[in-house]
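Only one structure is covered here, and it is reproduced in the block below.
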Amino acid sequence: MHLLNYAASLLSIVSLTGFVAADLRIKADHFSFGGVNFPGLQELKPEQRDEAIQAVVKSGARVIRLFIGGFKIFPDPELEVGSFDQRLLDIYDNTLAAIHRISKGKLKVIIAPHDAHALRGTNEQPCDAYCKMIDGAFLDFYSNETIREYYKTRLQVFFKEYPSLNFEGRSWSSLNEVILGVDLQNEPWSGIWPIVAGEAWLCDIATHLKDTLELGQNNIAVITGGISGPQSPGGTQNFPDSAFDCKAVDVIGIHGFYALEEEQTAGTPWANMFVPGNTLTARALGKKLLLVEEMSYMNTRWGLGYKKAAIWDQGNALNYRGIPWLYSYLTHEDEGTTAKVSTTRADNFAIGALKNGLKRASTARSNFDWSGYLPAPSALSNLTHVPLNPFTPDQSFCTFGCPGYLCDAADGCRPDLICKNSVCTAPAETQPGIIGSECNSKATCQEHLRCEDGICQECAARPSIQPIDPVKGKGPFAQMTVAGDPESSCHLDTDNPFNMRPWCLKPQPFSAPDRRGNPCQSAAHCDANEYCDWGLCKACKDGDACLGAKCKGNNKCKTGFCNIHGRCDYPAKPKKISGSNVRNGGRKGPGWNAGPKGQASGPNKVRNEPMKVNIPKDKVQATGQPVAT
Ligand SMILES: *[C@@H]1O[C@H](CO)[C@@H](O)[C@H](O)[C@H]1NC(C)=O
Ligand SMILES: *[C@@H]1O[C@H](CO)[C@@H](O)[C@H](O)[C@H]1NC(C)=O
């Protein structure tokens, strides 16, 4: 009999969760992918190497990046500048062959043919023959023409002259069945930005690879390799004009190492970097492909307990933005307290979180077309909501909707925050209609807030229905049903557990014709795919001169201004968080802990993906049937 009641309430939940289209979600039919860096793979004993490759294949990775250089056992194949040991190249060739054989052609390789760190003997790279030649004059590698010719010869030996031991004597530049792309170098000019000398090297080497060594005609991508080293949030290190302007560059490789912080997840900088249509992505679209070639866990004062969550958050942000990524890096040894992820560990270690992200990457959508380099997956996900991080530790200072968390609508964030460009953000003082703002018939509140007594009121996020038996009914990682747990259901609007404040209003479907929109004074107050129209944010439609649209100086971009690259750009600069409406007390803003005990784990999102309902086990046996919505 209770089943009937549950069925009834299920129905109402279903109608309650009417489609709320995710803002800024990628709808294009192109695919993204994930992969890994695996320096030193070629040095493993064949048996171990093959085991490691098997682990990579199983992980859902589609790309593996290898480095040519000196590692622990073997020296760099260019023993002295201009003289090569073919047997050392055979070791790499054997590795390519093993990858191709074990993955049945599914895993492709990116080769970094040299590492700029070897020029200085840093980053565990021994000082190599070029390092000895330049003798500390690092920039000579790029600006000295003689040395540049030597480097071109190195590339020519690797990709043209070396006859493959395993691929019938073919040259590597023709092995497009196993090689996806080749870096100019790993992190050219690493640590130096802006580039002060030898910038012409970049296009010279790219053209050499693409045209002279014929990577281009064999459909093997020329990749920049992380110019100037790690990308800073908001900076342009990895994508200087010289890379965009060079015809021979196919892929801009981006390296970034971001940590979990008080006000951001490790994935937040990635979500901010790749807002669809922003300066970077609009400029690249149709011209260059963007690849996060290295991203990594960074240890913080919170410790290794957050490693899995931080890895997953980064993959998730990049999957949501449709930018492919490679984790840096895998090892077959112990990972200790490093960012390394060991292939030998069980799935309850970091490798499990990485695999989870890689699997999701393998069906993620992208605005960029990679089909020239990788076959399309059989199906693409129809991601309608930002998935929740299943690896958030129980003891985490935040489990849902905190500043920096990914969101697709207001109910993905704590009620005192706004969901802006897919990130939960503390509103600036100037943001109209936030909690505490004055409101009236003309000055409206944010859509999730009510205007009462002339003030936009605090509200409480709709809590989860807790399982009767919290131990049996719990999700795999949490004691209680965590906020936004897709395994659980949220309370109906008509439910009325004791509550100081009303529940927040449900956000209107993004595409609903009667959607009112959040209040604004300028496009900077709206999402990047909206514009400000008579005080309210309106969704851009196809053909509107919105973010990323081509423009000329005299055109009016609805979202802001026409940038120097001829694209409508987003006017907002990262905002300083300040003002009376920001609770400096930190994470637990209004509504955060509202509701009766046991339902206090936080707000639950109105979801439209299949939801499971926790049914008391003494009444009904079966549970966990997805509910169609
Ligand atoms: C370039 O490097 C070579 C090799 O170290 C050196 O002999 C030559 O003098 C350098 N050329 C210039 C212009 O510095
Ligand atoms: C996504 O939606 C399309 C069109 O509705 C459908 O054909 C496809 O099977 C869906 N993909 C998945 C993975 O559900």
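Each ligand, and each atom within it, is numbered from 1 in the order the structure gives.
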Whether Arg154 and Asp76 form a salt bridge (side-chain N of Lys/Arg under 4.0 Å from carboxylate O of Asp/Glu) is what I want to check. yes
Can you run down the salt bridge (Lys or Arg N to Asp or Glu O under 4.0 Å) pairs that involve residues 112-133, sequence neighbours left out, and say none if there aren't any? none
Validation row, ring centre Phe31 to ring centre Trp370 under 6.0 Å: no
Could you tell me, for ligand 1, which of its N or O atoms are under 3.5 Å from any protein N or O, listing the pairs and their distances rounded to 0.1 Å?
{"unit_1": "ligand 1", "atom_1": "2 (O)", "unit_2": "Asn144", "atom_2": "OD1", "d": "3.4"}
{"unit_1": "ligand 1", "atom_1": "2 (O)", "unit_2": "Asn144", "atom_2": "ND2", "d": "2.3"}
{"unit_1": "ligand 1", "atom_1": "11 (N)", "unit_2": "Asn144", "atom_2": "ND2", "d": "2.9"}

Can you tell which of Phe141, Tyr142, Tyr150 makes a ring-ring contact (aromatic ring centres under 6.0 Å, His included) with Tyr130? Phe141
Within residues 170-190 or reaching into it, pairs that qualify as salt bridge (Lys or Arg N to Asp or Glu O under 4.0 Å) - sequence neighbours excluded: Arg65-Asp183, Arg170-Glu177
For residues 263-321, the disulfide (SG to SG under 2.5 Å) pairs (sequence neighbours left out) are none
